[in-house]
Amino acid sequence: MNSTANKILSHYFGYETFRAGQAETIDYILQSKNTLAVMPTGSGKSLCYQIPGLLLDGTALIISPLISLMKDQVDALQSLGIAATYVNSSLSPSEQSVRLNDIRMGKYKFVYVAPERFESSYFMNSMKNLRLSLIAFDEAHCISQWGHDFRPSYRSIIPRLNEMPRLPVLIALTATATQDVITDIQNLLQIDPHHIVKTGFERENLSFHLVKGKDKYSYVRSFLDEHKDESGIIYTATRKQADMLYDQLHKKGIAVEKYHAGLSEEERKRAQSAFIRDEIPIMVATNAFGMGIDKSNVRFVIHYAMPMNIESYYQEAGRAGRDGEPSDCILLFSPQDIQLQKFLIEQSDFSEEAKQNEYRKLQAMINYCHTHSCLSLYIINYFTNESEAGSEPCGRCGNCMYQSEKVDITEEAQMILSCVKRMGERFGVGMTAKVLRGSKDKKITSFKLDTLSTYGILSAYTEKDLTERIQFLIAENFLGSEEGKYPILKLNKQSVDVLKGKQSVWMYTAPIPSIEEADFQKELFDLLRALRKQIADETNVPPYVLFSDATLRDLCRYFPTTKEEMLEIKGIGEKKYEQYGEIFLHEINEWKAAHPEVKPKIQINSSPVVRRVRKTSEHEGPSHLASYKMFQTGKSIKEIAIIREMNEQTIEKHLFKAFEDGYPLAWNIFFNDEEEKVILQAHEQLEEKRLKPLKESLPDSYDYRKIQAVLVKNNLT
Ligand code: ADP
Ligand code: ZN
């Protein structure tokens, strides 16, 4: 590898090693080979042309279909002290001509242009006499008619380019390309198969989660509660849905913006800018939002409904975690989403053949929502040839993490299904849940549903628990649901199999992913973030252009105190240091002086943040009694914890509380007579009657649950 490329990497960009695919791509370009790089979002594609651009003579031309991205890229380069500019329709004709003049004089190392520019002969003439180092096609999939985002203006550049007297080396970059698209790009830009660099699609910092059979709004609320201060996007399927969710959240005092094609350009601009500038953390939007959004510190992307295909899903979800920090991608699925997408395809003016193709892609998306295996793997294999398909589960997604916690709910499923049957397959989810719970609702009595043998057979559950069960059965196609405003439940073939005991039903619930307690100094992080925001506003750039969140977090782990130490931090090179190093050092040193007790982490540059999952839930009624009733029907504490999405200690507390309320408990599940005797003796001898010393005075086999149970039973708490 070219050693000057390494120097540039560390000097300008502040990184010590290349990421997968980067060195290879740069190498080919430096050898003047046309190259295609297929690398996932956030993997560092920009460096692949920026480093050769700096090394080669002349100006690098970067063609980008995303006007909004250009300014960001230019800002980022300028913040590194590199001469860069852009030309697109956002500039007035006079501004354009000034810039073109400067470009012609070779003032810039990097020029970003929109594909439409090539239709202008004025522009083409300016380019003819310019010495070009390279031409890069960003978002190269837009060039292919097989891509999901075909731009004819992109493709028509090719014949124009061929008119140029001296064509430099070409490089195409994309994150999403199926084999058809790759072949197409390769033919158009004359790229030798040896010069295609593919690093695979996996994004190792993203955790995918699928949430089914839940009330979407409550889920979002609980999620946002768990993720205060984090920036995220919530995608809705329609404008109406975006408006509704926005209103609901806004009313609750949550700082949100919204974005969709129904808003005026001005409103959209303002919303986008507030989001990008870290003023408002949450964006509720349709898929009109995000093209060209380069905000690197998006910590989560929630889809409020299933999108149309895996391509769109991966692209939208992929806007999380561009800075490489752990981030969550959550899809909230409900069976109605399928109806909506089918409707949209029907309404489109696609040809019959194109519609069939869309249906095929939709089916793959639906399957994603029902797969029981690794979600990342599913997506990656969707984009990969069968022969190259991966088989290693990611270990991070909802399916990888909770499969082992599945609970057999066959019995409940049978009760639910038989209730649907007895209700004559004439009612919806809500009424069915009420009957199962034994509700005294007037509607129930007026339909005489309280006389059914299934009335109240699942009274141990809350209505919400039951609704979720029923919705889960629908999602998994164990129960049919007729279309319409008030979907009616119907049995299907699978329901019959379950009722006959030929098929069992397993369920796991998707808890809300949350963050492990920060391994960096949060207080300092907030200070540095504010400083970053202030400087960013002064220089009119988005905050993440100055330093990424990843860099800020590292500063708050290692507290560098000198220039040398600062340069050790990922993302800070000489150039960045020159511009912002000292002011940040100063802030860090001041904070350190005020907190002498806080020690930096030892190891520089290794900081995987471990994610942990906490279970939370909202519930109705006397929650402890709901747990108690489930316990009485023979469920273990662990199972109840999973079903109710609480932790086991909480369930334990519920049971003890029920006992204190006067309900009987089968104590032999917790301890036997002998153990009770030992614990009571130890307790008596203890001076300080606290749990910890008691535990320490007992053999290891006496766990907290056992001890606590004995104390509760004997009224010693
Ligand atoms: P892409 O265009 O592939 O989505 P970017 O070029 O925007 O990705 O890069 C994503 C992030 O990764 C940026 O913050 C960038 O500075 C960082 N990055 C790029 N190359 C490296 C590297 N070799 N080491 C560490 N971080 C890198
Ligand atoms: Zn997985």
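Remember, it's 1-based here, ligands and their atoms both numbered in the order they're listed. These values consider heavy atoms only, across backbone and side chains, with no hydrogens, waters or symmetry-generated copies. Note that the structure is predicted; figures quoted are calculated from it, not measured.
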Problem - Pairing of Asp323 and Lys295 as salt bridge, 4.0 angstrom limit - result: no
Problem - Lys71 and Asp75 ion-paired at < 4.0 Å - result: yes
Handout entry: Over all atoms of both residues, closest heavy-atom pair of Lys45 and Met39
Key = NZ-O, 3.0 Å
Test of ring centre spacing under 6.0 Å for [X] and [Y]:
{"X": "Phe223", "Y": "Phe300", "result": "yes"}
{"X": "Tyr304", "Y": "Tyr235", "result": "no"}
{"X": "Phe584", "Y": "Phe547", "result": "yes"}

Practice task
Report the protein N/O/S neighbours of the Zn ion (ligand 2) that fall below 2.8 Å; do not count waters.
Solution key: Cys374 SG, Cys394 SG, Cys397 SG, Cys400 SG
Exercise for the section: Step by step, work out the side-chain hydrogen bond (donor to acceptor under 3.5 Å, both in side chains) result for Asn540 and Arg277. Expected result: CA-CA 10 Å; Asn540 198 22; Arg277 289 172 180 272; 2.7 Å; yes
Part of [X] with heavy atoms under 4.0 Å of ligand 1, whether side chain, backbone, both or neither:
{"X": "Pro40", "result": "backbone"}
{"X": "Ser548", "result": "neither"}
{"X": "Phe18", "result": "backbone"}
{"X": "Leu173", "result": "neither"}

Could you check whether [Y] and [X], counting side-chain N and O atoms only, form a donor-acceptor pair closer than 3.5 Å?
{"X": "Asn309", "Y": "Ser312", "value": "yes"}
{"X": "Asn34", "Y": "Tyr28", "value": "no"}
{"X": "Ser334", "Y": "Asp337", "value": "yes"}

For [X], state whether at least one heavy atom is located under 4.0 Å from any atom of ligand 1.
{"X": "Asp323", "result": "no"}
{"X": "Asp138", "result": "no"}
{"X": "Arg322", "result": "yes"}

Fill in the blank from the handout: Ranking Arg203, Lys45, Gln73 by closest non-hydrogen atom to atom 3 (O) of ligand 1, top hit is Lys45
Handout entry: Proximal atoms of ligand 1 relative to Thr41 (non-hydrogen, under 4.0 Å)
Key = 4 (O)
Problem - Partner of His303 under ring pair (Phe, Tyr, Trp, His ring centres under 6.0 Å), chosen from Tyr314, Phe333, Tyr313 - result: Tyr313
Exercise for the section: Using a 4.5 Å cut-off on heavy atoms from C-beta on, say whether the side chain of Leu555 contacts that of Ile569. Expected result: yes
Practice task
Check whether any side-chain heavy atom of Glu230 lies under 4.5 Å from a side-chain heavy atom of Pro281, and answer yes or no.
Solution key: no
Residue, atom name and distance, where the atom is the protein heavy atom closest to [atom]:
{"atom": "atom 12 (O) of ligand 1", "result": "Arg19 NH1, 3.2 Å"}
{"atom": "atom 20 (N) of ligand 1", "result": "Gln22 NE2, 2.9 Å"}
{"atom": "atom 15 (C) of ligand 1", "result": "Tyr15 OH, 3.5 Å"}
{"atom": "atom 1 (P) of ligand 1", "result": "Gly42 N, 3.4 Å"}

Is [X] close to ligand 1, meaning an N/O of one under 3.5 Å from an N/O of the other?
{"X": "Lys570", "result": "no"}
{"X": "Gly44", "result": "yes"}
{"X": "Ser46", "result": "yes"}

Exercise for the section: Under the ring pair (Phe, Tyr, Trp, His ring centres under 6.0 Å) rule, what do Phe275 and Phe289 come out as? Steps first, then yes or no, please. Expected result: CA-CA 11 Å; Phe275 178 66; Phe289 177 74; 5.7 Å; yes
